[in-house]
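Everything quoted here is computed from the prediction, not taken from an experiment.
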Amino acid sequence: MKVGFLLSLALGVVLMVAVTVLWLVLDGLGVFASVGDTVKEATQSENNSGFDLQHSLSLKNTLFFSGIVAIVDVILVTALATLGAFLYNLTASFTGGIEVTLAEED
C-alpha cells in the first residue's frame, strides 16, 4: 500500500507539471486565442455574445480540474495496488508462488 501510494502520488505530481507545461506552451502559441475566437464567432447571435472558451480554459480552471483528477488518481491507484497485492498474496498462498533462487558465480 505504501509503495502504491508513493508511486501514485508521484504520478499525480507529474500530471500536474505536464498539464501546466502543456497549457503554457499552447497559450504561448496562441492556440486558445484562435480557437476561442472561432468558438465565440460560431456561438454568438443577436441576443448572445457567444461562449467564452478562453475563460473556461484559463490556467486556474485547468489546474483545478487537473488537481481533482490527480487526487482521484492517487486514491484509485493506491486502492487498486493494495487490492492487487492482496490478490497476488492470496493466489501465491494457494499455488506456492514463484520461487527464485540466486547463486553466485565462481
Side-chain angles (χ1 to χ4, degrees):
M1 182 172 160
K2 292 176 190 177
V3 172
F5 173 72
L6 290 176
L7 289 175
S8 63
L9 190 65
L11 184 66
V13 170
V14 167
L15 174 72
M16 293 298 291
V17 170
V19 165
T20 302
V21 169
L22 183 64
W23 191 93
L24 290 173
V25 168
L26 290 177
D27 188 49
L29 292 173
V31 172
F32 295 129
S34 65
V35 172
D37 291 342
T38 304
V39 169
K40 191 173 217 175
E41 189 176 307
T43 58
Q44 74 183 19
S45 64
E46 293 176 10
N47 300 332
N48 190 0
S49 63
F51 180 71
D52 188 15
L53 184 67
Q54 287 178 301
H55 175 70
S56 298
L57 291 178
S58 68
L59 181 61
K60 178 183 171 187
N61 290 343
T62 304
L63 288 179
F64 177 74
F65 179 72
S66 298
I68 291 173
V69 169
I71 290 170
V72 169
D73 177 58
V74 167
I75 293 169
L76 288 178
V77 169
T78 301
L80 289 174
T82 305
L83 181 64
F86 173 74
L87 290 176
Y88 171 77
N89 288 334
L90 187 66
T91 304
S93 68
F94 289 134
T95 61
I98 300 172
E99 185 176 330
V100 177
T101 304
L102 301 175
E104 291 183 19
E105 290 185 31
D106 292 328

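D73 and S8 make their closest contact through OD2-O, 4.1 Å (heavy atoms, listed as atom of the first residue, atom of the second, distance). Closest approach of M16 to L63, counting heavy atoms only: CE-O, 3.6 Å. Scanning all heavy atoms of the two residues, the minimum distance from T78 to T82 falls at O-OG1, 2.8 Å. Across all their heavy atoms, N61 and H55 have their closest contact at ND2-O, 3.0 Å. Residues V31 and S34 approach most closely at O-OG, 3.2 Å, considering heavy atoms. When all heavy atoms of L59 and W23 are compared, the closest pair comes out as N-CZ2, 3.4 Å.
Summarising the geometry, atom CG belonging to L80 is positioned 6.0 Å from atom CG belonging to L76; distances are rounded to the nearest 0.5 Å. Expressed to the nearest 0.5 Å, how far CG of L87 lies from CG of L83 amounts to 4.5 Å. The distance from atom CG of L11 to atom CG of L6, rounded to the nearest 0.5 Å, is 12.5 Å.
Residues V14 and V69 do not share a hydrophobic cluster, defined by chaining ILVMFWY side chains whose heavy atoms lie under 4.5 Å apart. Cluster membership check: V21 shares its hydrophobic cluster with L26, using side-chain heavy-atom separations under 4.5 Å among Ile, Leu, Val, Met, Phe, Trp and Tyr. With hydrophobic clusters built from ILVMFWY side chains whose heavy atoms lie under 4.5 angstrom apart, L15 does not share a cluster with L9. Note: the hydrophobic cluster containing L24 also contains V19 (ILVMFWY, side chain heavy atoms under 4.5 Å, direct or indirect links).
In terms of modelled atom types and a separation under 3.5 Å, the side chain of S93 and the main chain of L90 share a donor-acceptor contact.
Each of I68, V74, I75 was scored for a side-chain contact (heavy atoms from CB on, under 4.5 Å) with I71, with one residue passing: I75.
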Given L7 and V77, is the side chain to side chain contact (heavy atoms under 4.5 Å, CB included) satisfied, shown in steps?
CA-CA 9 Å; L7 289 175; V77 169; over 6 Å; no
